[in-house]
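Here, residue 1 is the first one in the sequence, and each next residue gets the next number.
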Amino acid sequence: MAYFNLNLKEICLPLMALIDYRGFRLIAMSVLPINKSTIIYGSNDYGATVHKQNPKMNRYMKQASNRINIKGHWCGGINSNITYAKTSSSLRKNNNNKKNNRNNNIKSKPRFIYSPADLEGHLGADNRFYLLDF
């Protein structure tokens, strides 16, 4: 909800309503002009693919992260069956866990982003930037 409170003019957020009715809770959201192919920032598949294609969206997300004190970090592109050790210049593969490597779900290389990995940034059909899952 921190993104909602930033009042970013360049990034649109969906209208949302929290509804509690007879012990059930749901979040109702407005329909947006986006689909699976419009994602340009973050991940919509649990980090297997991390998107960072649009320079404007990257700049807006960096500005937002500065305002809410989120540090940029590397996301995606790491196989869960292999452990990695962080070095000062890059990620170094630790060879202790080479076996059982057939469940490789990597779809993209690691990307440096300024948001949670599961946040989705979209470029809508109306050429506006949208954030979801914030």
Side-chain angles (χ1 to χ4, degrees):
M1 294 305 283
Y3 292 99
F4 186 76
N5 294 326
L6 287 177
N7 295 322
L8 299 169
K9 294 180 182 179
E10 301 88 1
I11 298 177
C12 301
L13 303 172
L15 295 173
M16 296 187 297
L18 180 64
I19 301 167
D20 287 322
Y21 182 71
R22 293 189 175 190
F24 293 96
R25 174 172 283 178
L26 34 124
I27 297 175
M29 291 178 48
S30 58
V31 178
L32 301 175
I34 62 171
N35 58 45
K36 287 184 179 185
S37 67
T38 61
I39 187 165
I40 57 170
Y41 196 88
S43 179
N44 61 352
D45 59 3
Y46 308 107
T49 307
V50 177
H51 302 271
K52 187 182 173 184
Q53 290 109 327
N54 189 294
K56 276 187 178 180
M57 183 64 152
N58 299 339
R59 188 171 56 248
Y60 297 149
M61 293 307 296
K62 185 174 182 179
Q63 290 170 357
S65 73
N66 287 335
R67 290 174 61 185
I68 58 176
N69 296 320
I70 294 178
K71 186 176 179 182
H73 55 97
W74 290 96
C75 294
I78 296 177
N79 186 347
S80 60
N81 294 324
I82 299 174
T83 58
Y84 287 80
K86 186 174 181 183
T87 63
S88 60
S89 61
S90 65
L91 293 175
R92 183 186 72 223
K93 187 166 151 179
N94 186 351
N95 291 323
N96 294 339
N97 198 359
K98 283 187 174 179
K99 62 184 177 180
N100 197 10
N101 216 4
R102 61 182 173 218
N103 294 330
N104 190 345
N105 293 331
I106 300 171
K107 295 181 182 177
S108 70
K109 63 183 180 178
R111 301 200 189 271
F112 193 82
I113 63 172
Y114 292 93
S115 70
D118 61 344
L119 180 133
E120 296 179 25
H122 290 262
L123 180 60
D126 56 358
N127 286 325
R128 292 182 182 166
F129 294 108
Y130 291 94
L131 275 187
L132 298 177
D133 300 339
F134 50 93

Once side-chain hydrogen bond (donor to acceptor under 3.5 Å, both in side chains) is applied, what residue pairs with a partner in residues 9-18 remain, sequence neighbours excluded? none
From NZ (K36) to NE2 (H122), nearest 0.5 Å: 11.0 Å
Going by heavy atoms in the side chains, are N54 and R59 under 4.5 Å from each other? no
Any side-chain heavy-atom pair of M16 and L18 under 4.5 Å: no
Any side-chain heavy atom of I11 within less than 4.5 Å of one from L131? yes
Is there side-chain contact between Y41 and Y114, with heavy atoms separated by less than 4.5 Å? yes
Side chains of N44 and H51 in contact at under 4.5 Å (non-hydrogen atoms): yes
Is there a path from Y21 to M29 through hydrophobic residues (I, L, V, M, F, W, Y) whose side chains come within less than 4.5 Å of each other? no
Once you round to the nearest 0.5 Å, how far does CD of Q63 lie from CG of L8? 8.5 Å
To the nearest 0.5 Å, what is the distance between CD1 (I34) and CZ (R128)? 13.5 Å
Considering non-hydrogen atoms only, spot the tightest contact between S115 and M61 and give its length. CB-CE, 3.8 Å
Under 4.5 Å between side-chain heavy atoms, counting indirect links through other Ile/Leu/Val/Met/Phe/Trp/Tyr residues: same cluster for Y130 and I27 or not? yes
Check step by step if side chain to side chain contact (heavy atoms under 4.5 Å, CB included) holds for L123 and I40. CA-CA 7 Å; L123 180 60; I40 57 170; 3.9 Å; yes
Looking only at heavy atoms, what is the nearest atom pair of S43 and E120, with distance? O-CG, 3.6 Å
Are a donor atom and an acceptor atom from the side chains of Y3 and N7 found within less than 3.5 Å of each other? no
Taking atom CZ of R67 and atom NZ of K62, what is their separation to the nearest 0.5 Å? 15.5 Å
Same cluster or not: are L132 and L26 linked, directly or through other Ile, Leu, Val, Met, Phe, Trp or Tyr residues, by side-chain heavy atoms under 4.5 angstrom apart? no
Here the pair of heavy atoms bringing N35 nearest to S37 is OD1-OG, 2.5 Å
Counting only N and O atoms by type, is there a donor-acceptor contact under 3.5 Å from the side chain of S30 to the main-chain atoms of P14? no
Locate the shortest heavy-atom distance separating M57 from G121; write the atom from each residue and the value. CE-CA, 3.5 Å
Can you tell me if R25 uses its side chain to pair, donor with acceptor, with the backbone of I19 under 3.5 Å? no
Path from F129 to I39 over hydrophobic side-chain contacts below 4.5 Å: no
Taking every non-hydrogen atom, the tightest pair across K52 and I113: CD-CG2, 4.2 Å
